[in-house]
Colleague: 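Have a look at this one.
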Number of protein chains: 2
Amino acid sequence: MPRATINDIARQAGVSPTAVSFAFNSPARLSTTTVERILAVARDMGYMPNPLSRGLVAGHVGVLGLIVPQALREIFANPFFATLQQGIGSVCDEHNLGLLTLSPQNNSLELAIARAPVDGFIIVGLNEQHHEVLPLRKRGIPFVIVDGDAEIAQSVNSADEESAYAAAAHLLEQGHREVLILAFDMPHRHLDNIFYGVGARRTWGYQRAFANYGVEWRDSWFLPTQGSVEGGAQRFAQALDEGYRPTAILTASDLIALGVLRAARQRGIQIPNDLEVIGYDDIPVAELVSPALSTVRQPIMEKGRIAGELLVAALSGDTGAERVVLAAELILRETTR
Amino acid sequence: MPRATINDIARQAGVSPTAVSFAFNSPARLSTTTVERILAVARDMGYMPNPLSRGLVAGHVGVLGLIVPQALREIFANPFFATLQQGIGSVCDEHNLGLLTLSPQNNSLELAIARAPVDGFIIVGLNEQHHEVLPLRKRGIPFVIVDGDAEIAQSVNSADEESAYAAAAHLLEQGHREVLILAFDMPHRHLDNIFYGVGARRTWGYQRAFANYGVEWRDSWFLPTQGSVEGGAQRFAQALDEGYRPTAILTASDLIALGVLRAARQRGIQIPNDLEVIGYDDIPVAELVSPALSTVRQPIMEKGRIAGELLVAALSGDTGAERVVLAAELILRETTR
DNA sequence: GGCTATTAGTAAAGGCCTTTACTAATAGCC
DNA sequence: GGCTATTAGTAAAGGCCTTTACTAATAGCC
């Protein structure tokens, strides 16, 4: 049994399809009794106007797209995204929008973007020059970049270089010289230069700190790490097995740091006495675990909220191109001395 | 500048719109050189076929809808939903689908459902008889109910009554007689009878335990509570102010229980010595906090995964109507003696 | 009672794409 | 060299809805 269409309702109610459309969209154009008759028939048959057709003629569907170059499963496991979505969600709530979360499809983010029935995109972790993003620019579809580089497009970022500098400087200041860095693993390697965006800025910050304190920078102590508790635990354990003996660790995210804590506990490494650890993000659990995690706090929810607001403004024709940079601060808890 | 359509590309490439469509969807129908010429023009103009039109003729858009009767902001703040979405997300990843999360729009969930450009729904916390759900049944749009009652539709639930019984029985067994229950606050009050689904089943379980242990059931000790840390903290503090002196507490969710822990700490109440607390869900933080939370573990991720799989099966024509009930178990940690 | 204004509705075009049925041209074959 | 088979494309219909321009009937008015 195929779904009832506007024509079925029209026939059943003895009116034209136009009248059915009016009953839903401009009931004032019809007499009250006709509107009621039409709506009663519609209710009877469970009819609702097809959102796709409606969107096609209206030019919008009331959905924001959130594009992330990681699997949905990982996104929803990551408190960073949960908090970011809270921020975006608060804007959606206000404007009666839905939030469509999208991952690569058949390993192609471009495909996912092309197929998305949305009014605009919030894109996390890509630059405006990425080949997935270019078509949007050419096509004039509104989007906002979060945690990525942008010269032309709108973007929201944190002060990554400064905060990375602060974290590294703190450890070097304490006299640490064997500092291991568990960095992002750049899920998005298809560009010639994988060194962009958040990862690049943080690395510059670290390197600047090392230079300032006269400490040699060793690429071999900079280890790309999968961004999860499991990933952090494994990478740290592996590093130990390979002979690394760090006295301090900087991680690209709190999740990775939590993994380090777990692996350290298993190996009997005392934190912060044997090893100091600084995470990044300040996700809610960071202060709940024991020892409480020292970390760099970035205003994630704010990031999402601003990104949402910029996008909503763009959807209603605002063509400004803001590039917002939010402050981040070092929070010292119990994984540092 | 309006967006390029298939006709613009056709004109520019000197072919018919049909040819452009073929270039994207069935390139074998065209010569290689033509396909390349068309795709080059498309790339140049940032053209991608409009997902709405495509969806309209294809009959599907590759998006699952997740419907929750709470604000998006709250959903993304709630680890229960994060884990549920992880489960659903793993199915989406596998089948190249997006996940559209939807909240009431203008206070109407029905409106949100009507406007959603999706292929099917996962509906959390409503019954199949709710007026929001009825049109989907009549219209034949596939959906799966999670944490709600269903006789006809597909559904995924936990063994709520049994696990609530077990939690209450454990406390009563220990001799507690002043047991406060911080229950769901039923955001969805529009039905005559607000007593349905998860909340109702758990309450039956509690009541059965009270009856079995010969303890009087007092409605006044059953307090609807907003499902967040803040909500739990406030409700508990308010109860104390009103003169309640519970020796044990059962909560509808771990978030509420975490709120109780926080408020208890502020008031100098020792847990578990002065007060035993049992949460519900076993969200990841439950075992990280101190004291670690005793709770009822339900397989949330599994719930999401199964709901996703049932829906995907329904989308490909599987008309079975499974009603899955997952086991839940009492986990005793440090908030019970 | 004849004119204008309003009310209640319809017909047709258009939003953007895909698919089916067709045509024209070339290739293959003995 | 004339037939069939294949290749490369096009025209037109159709997916479901909304909006614009129109018509017909009624109401209002002096």
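By convention in this document, chain letters (A, B, ...) are assigned in the order of the sequence lines, proteins followed by strands, and residues within each chain are numbered from 1. Values below: every heavy atom of this structure, side chains too, minus hydrogens, waters and symmetry copies.
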Colleague: Can you tell me which nucleotide in C:dC17, C:dG15, D:dC16 comes closest to the side chain of A:L56?
Modeller: C:dG15
Colleague: Could you run down the sub-3.5 Å N/O contacts of the protein with nucleotides 20-26 of chain C?
Modeller:
| residue | atom | partner | partner atom | Å |
| --- | --- | --- | --- | --- |
| C:dA21 | N6 | B:R29 | NH2 | 3.4 |

Colleague: For A:F24, enumerate each residue passing the ring pair (Phe, Tyr, Trp, His ring centres under 6.0 Å) test, keeping only those at least two apart in sequence or located in another chain.
Modeller: A:Y47
Colleague: Please say whether more than 12 non-hydrogen atoms of neighbouring residues, nucleotides or ligands are located less than 6.0 Å from CZ in A:R73.
Modeller: no
Colleague: State, without any angle test, whether A:S21 and A:T18 hold a side-chain donor-acceptor pair at a distance under 3.5 Å.
Modeller: no
Colleague: Return no unless some side-chain N or O of B:N25 is found under 4.0 Å from OP1 or OP2 of C:dT18.
Modeller: yes
Colleague: Show which side-chain atoms of residues 315-326 of chain B pair as donor or acceptor with protein atoms under 3.5 Å away, not counting sequence neighbours.
Modeller:
| residue | atom | partner | partner atom | Å |
| --- | --- | --- | --- | --- |
| B:S316 | OG | B:V312 | O | 3.1 |
| B:S316 | OG | B:A313 | O | 3.2 |
| B:D318 | OD1 | B:G320 | N | 2.8 |
| B:R323 | NH1 | B:E151 | O | 3.1 |
| B:R323 | NH1 | B:A153 | O | 3.4 |
| B:R323 | NH1 | B:A321 | O | 3.4 |

Colleague: Closest heavy-atom contact between A:C92 and A:L64?
Modeller: SG-CD1, 3.8 Å
Colleague: Below 4.0 angstrom, which residues in residues 35-48 of chain B have at least one non-hydrogen atom near DNA chain C?
Modeller: B:Y47, B:M48
Colleague: Where does DNA chain C pair, written as one dot-bracket string 5' to 3', with Watson-Crick or G-U pairs under 3.5 Å, ( ) inside the strand, [ ] for crossing pairs and | for another strand?
Modeller: ||||||||||||||||||||||||||||||
Colleague: Under 6.0 Å from the CG atom of A:N107, do we count more than 12 heavy atoms belonging to anything else shown?
Modeller: no
Colleague: Remember a base hit wins even if backbone is also touched, and classify B:S31 as base, sugar-phosphate or nothing at under 4.0 Å, heavy atoms.
Modeller: sugar-phosphate
Colleague: Tell me every residue that passes side-chain contact (heavy atoms from CB on, under 4.5 Å) with A:P17, counting only those two or more places apart in sequence or in another chain.
Modeller: A:I6, A:N7, A:A10
Colleague: How close do B:V156 and B:K303 get, heavy atom to heavy atom, and via which atoms?
Modeller: CG1-CG, 3.7 Å
Colleague: Strictly below 4.0 Å: does A:T34 bring a side-chain N or O up to OP1 or OP2 of C:dG9?
Modeller: yes
Colleague: Looking only at heavy atoms, what is the nearest atom pair of A:A4 and A:M45, with distance?
Modeller: CB-CE, 4.1 Å
Colleague: What pair of heavy atoms forms the shortest contact from B:L136 to A:M48, and how long is it?
Modeller: CD2-CE, 3.4 Å
Colleague: Assign A:V15 to base, sugar-phosphate, or nothing according to its heavy-atom contacts below 4.0 angstrom with the strands shown.
Modeller: sugar-phosphate
